[in-house]
Each structure stands twice: as structure tokens, then as C-alpha cells.
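What follows is a short report on a single structure.
Because only heavy atoms are used, hydrogens play no part in the values below, and waters and symmetry mates are left out as well, while side chains stay in.
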Amino acid sequence: MKLVLALCLAVGLWLPGSAYAAEPAYAKWGRLAMKETQEKYPNAKIIDYKHLKRRKISATVMEEKFKLWLREGGEEFGVLVAIRFDKDTEKVLSIRFLEAGYVEGRFMPI
């Protein structure tokens, strides 16, 4: 029984299109958030990245939100990035940035 289970698991890992190889739906927007953040802060290094959420703005507009943590010249700070796009064409409508940091133990806009 253990052998059968191990074989099924091993075959599942090698099959193309398996769940293990799938990219999250937000990955494209995460790459764009990192690219645009690096352009806006060229001297900073992105040291962490987190997808926060996807939300529906209207019948045709979606928004992906990300939190990126940057280090520049010995200081660290966060940047919240919101990307709005047309859900059918995936055309970017806007990209907004908001710097943030930890104030009294809470993540707050600066």
C-alpha cells in the first residue's frame, strides 16, 4: 500500500500541468509590481515581497495589492503597490505606490 501511494505521488510530481507547476494568478502582476518599484526606487534593493489581495473594483476593473520591503542605504521601508487593470484585456489602468514603515509595532503609511 505504501509503495502504491509513493508511486502515485512520484508520478503526480512529474506530470506536466500538475498543481505543483502552476503559477499563481497574481504572479504576472507581482512581477510588474517589482519591476515598477525597482524603477521608482533604483538605489533600493527589494528584500521581501508579499501578495496582499485581489479585489473587484467594478464589473470590468480588478486590483492586485502587494507589499514590498526595500533596503536603501542602511534603512528599510515598505512600499504598498496597487495595480488596477481591465479584467478582460488585462490592460494596466493605474499603478499606485504608498511608502510605509513600522510605527510603534504597526505597519503604517509614512
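Aromatic ring pairs are classed by plane angle as parallel below 30°, tilted from 30° to 60° and perpendicular above 60°; the pair F66 and Y49 is parallel.
Pairing each heavy atom of M34 with each of I46, the nearest pair is O-CD1, 3.7 Å. Here the shortest heavy-atom pairing between F85 and E90 reads CD1-CA, 4.2 Å. Among all heavy-atom pairs drawn from A33 and L68, the shortest one is O-CD2, 4.3 Å.
Environment of NZ in K28: crowded, with over 12 heavy atoms of neighbouring residues, nucleotides or ligands closer than 6.0 Å. Crowding of E39 atom CD: a count of heavy atoms from other residues, nucleotides or ligands under 6.0 Å exceeding 12.
A 4.5 Å side-chain heavy-atom check between W29 and V92 finds at least one atom pair inside the cut-off.
Summarising the geometry, atom CD1 belonging to I95 is positioned 4.5 Å from atom CG belonging to L32; distances are rounded to the nearest 0.5 Å. In this structure, CG in L70 is found 10.0 Å from CG in D48, a value given to the nearest 0.5 Å.
With sequence neighbours excluded, the residues forming a side chain to side chain donor-acceptor pair (under 3.5 Å) with D86 are T89, listed by chain and number.
Q38 contributes a side-chain N or O that, together with a main-chain N or O of A44, makes up a donor-acceptor pair within less than 3.5 Å.
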Throw together a table of side-chain donor-acceptor distances under 3.5 angstrom for residues 57-64, partners on residues two or more places apart or in other chains.
from, atom 1, to, atom 2, distance (Å)
S58, OG, T60, N, 3.4
S58, OG, V61, N, 3.2
E63, OE1, R55, NE, 2.8
E63, OE1, R55, NH2, 3.2
E63, OE2, R84, NE, 2.9
E63, OE2, R96, NH2, 2.8
E64, OE1, H51, NE2, 2.6
E64, OE2, R54, NE, 2.4
E64, OE2, R54, NH2, 2.8

